[in-house]
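Before any comments, here is the structure.
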Amino acid sequence: MSTIGPVEPEPPGRDFRVRAPGPVDVIGPDPPRVSDRWRELPPRRRLLAKAVAAVAAAAALLVLLRPSPSGSGERPPAPPPRPLSPWPAQSTALDYEGPGPARPPSPANQSADFRFTVAVRYGEPVTVEALRHGLPGLSAVTTPAPPLRVSPGRSLRIVVRTSVDQCTEMPREIDYPHLEMTLRNSRIRQQHSFLFGGAYPRDLARLLRAACGGPTVESPPASP
């Protein structure tokens, strides 16, 4: 027969709550070190790793030792600006070659052909956009017709058919007749007057005398 003795009171301050167990330390082998892994590599892989590391170190050293473009870490200076092209009137020449044989001056035919050569001496290509007579009462038609593009170092032969439209507007004396041309290149578009002496004033004077009648036009003497 068993009996239960008297229950003794618990001293004050004692806690009967169940606490969760704390972290448990796991005891086992340490992870492998780098040196251990290196020793475990085959000899060929170790040689390859050494070669790769040497190449990477050399490349990094070259980057660090490479001088900057200007020597002070600044950007290189900008290239100098491209020089401007010459004015088209400076590089273009217009030379008189003589009268054309197609239309001899006559009272029944108030026009005549005159041959010229357009040349671009240097610079860049020039475009002839228009050609006009500088004397009042005259008109001009160019063959081939503008626009005409002439490259540097090249020339182009043209024929200017000159027609007398108004004899009353003709001057009494031709000193240096001129042709007005509109020229253009990549720099500028300009108008320029080409003056002529010698053979062209005399040939033009023959046309004007034949078309208008009488010695209304006098040409200057030929240059010696």
Side-chain angles (χ1 to χ4, degrees), residues 80-105 109-212 215-224:
R82 181 182 178 183
L84 293 176
S85 302
W87 291 62
Q90 296 175 336
S91 59
T92 305
L94 182 64
D95 298 322
Y96 179 60
E97 302 293 342
R103 287 174 171 252
N109 185 10
Q110 297 187 352
S111 63
D113 292 340
F114 300 92
R115 297 177 291 111
F116 294 87
T117 299
V118 182
V120 177
R121 306 288 175 79
Y122 59 92
E124 63 177 45
V126 174
T127 300
V128 180
E129 295 186 343
L131 185 146
R132 297 171 298 277
H133 256 292
L135 293 176
L138 298 181
S139 60
V141 176
T142 306
T143 304
L148 306 173
R149 180 181 173 89
V150 185
S151 301
R154 305 295 296 271
S155 61
L156 177 66
R157 291 183 177 180
I158 62 174
V159 176
V160 179
R161 176 162 296 175
T162 301
S163 300
V164 180
D165 300 327
Q166 293 289 337
C167 290
T168 57
E169 298 181 4
M170 291 294 109
R172 293 289 303 174
E173 184 175 318
I174 299 178
D175 293 328
Y176 291 95
H178 60 280
L179 295 176
E180 297 179 353
M181 297 184 71
T182 302
L183 306 172
R184 175 177 54 83
N185 62 5
S186 63
R187 179 178 182 180
I188 197 172
R189 179 177 182 267
Q190 69 177 139
Q191 295 183 357
H192 184 70
S193 297
F194 291 91
L195 304 178
F196 296 94
Y200 179 64
R202 295 196 303 271
D203 296 341
L204 182 61
R206 284 196 291 267
L207 167 64
L208 299 181
R209 284 196 294 266
C212 299
T216 58
V217 178
E218 297 178 2
S219 61
S223 301

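These numbers were taken from a predicted model, which means no experiment stands behind them. Only this structure's heavy atoms are used, side chains among them; waters, hydrogens and symmetry mates stay out. Residue numbers run from 1 in the order of the sequence given.
- Screening L179, V159, I158 for a side chain to side chain contact (heavy atoms under 4.5 Å, CB included) involving T142 leaves a single residue, I158.
- Pairing each heavy atom of I188 with each of P88, the nearest pair is CG2-CD, 3.5 Å.
- To the nearest 0.5 Å, atom CZ of residue R202 and atom CG of residue L207 are 15.0 Å apart.
- In this pair, F196 and Y96 present their aromatic rings perpendicular. The plane angle is above 60°, beyond the 30 to 60° band.
- Heavy-atom minimum distance, S85 versus E124: OG-OE1, 2.5 Å.
- Heavy-atom minimum distance, S163 versus S111: OG-CB, 3.4 Å.
- With rounding to the nearest 0.5 angstrom, the CZ atom of R115 is 13.5 Å from the OG1 atom of T143.
- R161 and D113 make their closest contact through NE-OD1, 2.7 Å (heavy atoms, listed as atom of the first residue, atom of the second, distance).
- When all heavy atoms of P177 and L135 are compared, the pair lying nearest together is CB-CD1, 4.2 Å.
- The heavy-atom pair separating L94 from M181 by the smallest distance is CD2-SD, 3.6 Å.
- The ring of F194 has its center closer than 6.0 angstrom to the ring center of H192.
- Heavy-atom neighbours of R187 CZ from other residues, nucleotides or ligands within 6.0 Å: above the threshold of 12.
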Would D95 and E97 count as a side chain to side chain contact (heavy atoms under 4.5 Å, CB included) here? Give the steps. CA-CA 6 Å; D95 298 322; E97 302 293 342; 4.2 Å; yes

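- S91 is listed as a side-chain neighbour of Y122, based on a closest heavy-atom distance under 4.5 Å.
- In terms of the side-chain hydrogen bond (donor to acceptor under 3.5 Å, both in side chains) criterion, residue partners of S139 (sequence neighbours excluded) are, by chain and number, D165.
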Please list every donor-acceptor pair under 3.5 Å in which a side-chain atom of residues 126-134 meets a protein atom from a residue at least two apart or in another chain.
from : atom 1 : to   : atom 2 : distance (Å)
E129 : OE1    : R189 : NE     : 2.6
E129 : OE1    : R189 : NH2    : 3.2
E129 : OE2    : R184 : NE     : 2.4
R132 : NH2    : T182 : OG1    : 3.4
H133 : NE2    : T162 : OG1    : 2.7

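- Checking side-chain atoms of N185 against main-chain N and O of P86 turns up a donor-acceptor pair under 3.5 Å.
- Checking side-chain atoms of Q190 against main-chain N and O of A89 turns up a donor-acceptor pair under 3.5 Å.
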